[in-house]
Amino acid sequence: MSLGKDDLKYSDDTHLLDNKTDKWGKKASEKIAKLRERNYDFIVVQSAGNGAKDRSTGNDTGVDAINNGFFCSVTEENCYSNKNVSKDEVLNRIIIVTACNKDNTLIDYSNGGSQVSIVAPGKSIYSTLAGVEEKDDDGNIIIANGQKYGLMSGTSMAAPMVSGVAGLVWSVNPNFTGEDVKEILCYNYYEGDYSLIQDNINSSNTFQMVKAKDSVEESIRRTYETGSISGIIEDADTEEPLQNVVVTAYNKDGTKSFTTRTNLKGEYDFVLPIGKYDFTFNLKTDNYNYIESTVKNQNIIYNYNIDLDIFMTKVSMSQTGVIKGVIVLDNDIEILLENIVITVFNEDKTTLVTKNINSSGEFEFAFPLGKCYLDIKLGINSSEYFPNSIEAYVSQNETTDLGNIFIQLIGHGQTGDDGTTNWDFIEPVTHKKTVPVGYTGIYTAQDLDNIRNNLSGKYILMNDIDLSNWGNWNPIGDNFNNFTGVFDGNGYAIYNLEIRNVLIDSVGLFGYCAEESSVSNVSLNNLIINIDEIEIDFTQASIGGIAGISSSTIKNCIISGDIYIINGKNVSVGGIAGTGGAIACSNSANIYVLTNQDLPYPYYGEVYCGGILGQSISTHGKVFECKNSGNIRVISGTFAYVGGITGKNGAVEFCINSGSVYGETTSYMAYRPSEPNCNVGGISGASNGLASYCVNYGDINGAYSKESSNSVSVGGIIGWCGRYNSGLTNCYNMGENINGVNAGRISYEGAGLSGNYSINTTLVNGEFPYDEIGQDANNGATLTLDEIKQKIELIPYPSL
């Protein structure tokens, strides 16, 4: 709608009363809010007005536009808003237009000031006439009775020009919001010989001239260089669609927001400029609240639609309690506290709410009654990650104070000047040239061996070390005398480490690393581990490149070479560690494990084997942002858990496997009929925790030599994720061949599956699968190569 001078309420004084302005502003903004509440979209284009009479001269003199009109009096202070419509939704749909002369100066009687949005030509505009006599500034008659067309001047001439350009912009893309149109018209400074027009009310202000051609070109660019996001919002309990949910998209730096609402079917959709956005979903009524839901870091890609369905939890205001606390960072963490996100889950692992904390680290939220869990991180797609989940109990009308929560940063990711994030999978380490205070420098093979003489010391590698002439390496620390110190590889490599037939329980560069230890930033190049005698007993032998067992998390380490284990009965084998946790680690070593066949009960044993870890069940057992390109082959006489990343996992996120994985069992253990004897997966053989945002590119094969319908489970992501699994979500299979008696593109016998996909060329046992297709099914939803690449590109995976 476009309004001119006859639509405005003028005063005959330049000093209008504030209470009258406030009254008009509230009344005007209330009308807009009511229209927005009913899902109408529009912009209001209003002339700034032509000033007020100067009592001393009788002439019109430009005044601050806030003192004129019905809509331009709307300010941040008096803008009406309600629980469904924000002030910004009102203010961002009002365009106030001032008028300029042909020489690009503001007309002297044209109003200006801080409320003005844009300027348009307003002097001697050829217009339709009302047929009344009118004179120009020099007293000449410019409109005579009976004339239909003539020249007119004023802001009433300028406003329709802006309305016309707005119509052109909207015609390019009817999906633009009113806020989009105002932004394109008023806040995009295009190239060209256009001068900014100086305000005659406040000399520090300038106004942008309306530009039809540039505005249309910008709207075309936004239309065709956009992506979209859509979905359905439902009640988490009833699965009924929710109408009138406010959906807001915030761009990466928070400078722009876009808002829409769901329709009667609970549907919403956005067309957004390409970039990264956070989304919030909000619905409140008089009697109850739906807990606000937040989805972080959704990457809008050119000409691609994200399908994002949301379930919202309804909470009666009388059935909530409050949880509060303070996030405290370690001193060496340099991040903004307000970027940290707390996600709350109930006991069924249903997301209740996701919230940012404030700049002081404080949070205070209302939650439904009962037990809940708080996960703390920088966002679902962020490499910075805080692994511990906090349990809390919410009591009715009471506040649970969790106090100070201390967290550590254990990932990497830096944002460049261009706004993109550089996700360095293996963090580049700048070699320290001098030994830090409190550390011992490691320069030679003998220095490295001497670490065993003080297992609690701090050590830093100061150059590459070649162990070609050292002979058989004896691991540092064991199950009785743990390594409790710090080893920083400083970005250097240890070459030709060789371990043969060391008959201890924990085998690697380090044998057993205690919880207080730290091992990081080292490469083991051309590693050889060759063990062909492991005694039959109940003790599990743990074997890995960095450590046999690590109760702490190994970080930023790289392995290449070969690992051979023969005649192992009860072993856990991994490229990085046999048992433990790993962050930002990489393995390209090939691993081969062969166990004795047909062992009698109770010597059944278990084999756990993965490219990164054999199993991740320790206190620090998360596997995060790791990759494997080595080939894994296991033939077990008893139970086998074989995966590209882990044999059996606690929690695996943002990991990639590109190696082939083969697992075979040679016997059937009837005394454990509820669990497969052989579990083989691209990421993990079996899941004992959350697996999410993982990708498999390798071929996965499982086999057996004794007949049993239950003996083998094979999956592109997880082989078997049954009774212990707490979720398999947002994973992607790119491997083209999945083979096994019980097999699926994602998993077999899966529990808690959601948001999983497989490429359409994947064959299961040589055929395209037609059953169990879907995001929450064993074979995943089917995508083409381009479609699945676009999905994968949304997430900052480590590159292969």
Side-chain angles (χ1 to χ4, degrees), residues 1-14 16 21 24-25 28 31-32 42-54 58-74 93-138 140-145 147-168 181-182 185-186 197 199-201 207-212 215:
M1 64 185 75
S2 180
L3 303 177
K5 68 176 184 179
D6 292 333
D7 301 292
L8 309 181
K9 300 180 183 298
Y10 281 86
S11 167
D12 60 356
D13 198 332
T14 59
L16 297 184
T21 302
W24 291 347
K31 291 179 181 291
I32 293 179
F42 52 86
I43 56 171
V44 175
V45 180
Q46 184 200 307
S47 68
N50 296 331
K53 294 292 184 181
D54 185 321
N59 297 326
D60 273 348
T61 302
V63 298
D64 193 328
I66 195 173
N67 287 326
N68 290 288
F70 191 61
F71 286 96
C72 58
S73 62
V74 180
R93 283 173 171 78
I94 303 174
I95 298 178
I96 307 300
V97 185
T98 192
C100 68
N101 295 296
K102 294 180 180 180
D103 61 357
N104 282 356
T105 60
L106 210 65
I107 299 175
D108 55 4
Y109 52 77
S110 176
N111 293 345
S114 60
Q115 292 293 100
V116 171
S117 311
I118 198 168
V119 63
K123 181 68 172 179
S124 299
I125 306 299
Y126 193 67
S127 309
T128 56
L129 305 177
V132 297
E133 184 175 286
E134 189 168 325
K135 297 181 180 180
D136 63 16
D137 297 338
D138 298 324
N140 300 314
I141 296 177
I142 58 174
I143 300 177
N145 287 325
Q147 279 186 276
K148 295 182 179 180
Y149 305 99
L151 301 177
M152 293 188 68
S153 301
T155 55
S156 293
M157 298 295 99
M161 293 193 178
V162 175
S163 295
V165 177
L168 290 174
V181 175
K182 180 175 179 180
L185 263 64
C186 302
I197 312 303
D199 186 359
N200 60 9
I201 303 301
F207 306 127
Q208 179 190 345
M209 175 73 79
V210 65
K211 306 176 185 71
S215 295

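The side-chain contact (heavy atoms from CB on, under 4.5 Å) check on Ile125 picks up Pro121, Ser127, Met157, Met161, with sequence neighbours excluded. A search for side chain to side chain donor-acceptor pair (under 3.5 Å) contacts involving Asp108 returns nothing, not counting sequence neighbours. Ser114 is linked by a side-chain contact (heavy atoms from CB on, under 4.5 Å) to nothing, counting only residues two or more places apart in sequence or in another chain. Scanning for side-chain contact (heavy atoms from CB on, under 4.5 Å) contacts around Ala166 gives Ile43, Val181, Leu185, with sequence neighbours left out. Residues satisfying the side chain to side chain donor-acceptor pair (under 3.5 Å) criterion with Ser124, sequence neighbours excluded, are absent altogether.
Heavy atoms only, all atoms of each residue included: Ser163 and Val45 are closest at OG-CB, 3.4 Å. Nearest approach of Leu106 to Asn111, heavy atoms of both residues: CD2-O, 4.5 Å.
A donor-acceptor pair under 3.5 Å is absent between the side-chain atoms of Ser153 and the main chain of Lys123, judged by distance alone. For the pair Asp103 (side chain) and Thr105 (backbone), a donor-acceptor distance under 3.5 Å is present. Judged by distance alone, with hydrogens and angles left aside, the side-chain atoms of Gln46 form a donor-acceptor pair with the main-chain N or O of Phe71 at under 3.5 Å. Not one N or O on the side chain of Gln115 forms a donor-acceptor pair closer than 3.5 Å with the backbone of Ile95. Between the Ser117 side chain and the Ile96 main chain, a donor and an acceptor come within less than 3.5 Å of each other.
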Check against side chain to side chain donor-acceptor pair (under 3.5 Å), Thr155 and Ser110 = CA-CA 6 Å; Thr155 55; Ser110 176; 5.5 Å; no

Audit row: Ile94, Ile32, side-chain contact (heavy atoms from CB on, under 4.5 Å) steps and yes/no = CA-CA 9 Å; Ile94 303 174; Ile32 293 179; 3.6 Å; yes

query = Between Ile118 and Phe207, is a side-chain contact (heavy atoms from CB on, under 4.5 Å) present by the stated rule, with each step listed?
reply = CA-CA 5 Å; Ile118 198 168; Phe207 306 127; over 6 Å; no

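Interatomic distance, Asn50 CG to Ser156 OG, rounded to the nearest 0.5 Å: 6.0 Å. Remark: Asp64 CG to Asp199 CG distance equals 8.0 Å, nearest 0.5 Å.
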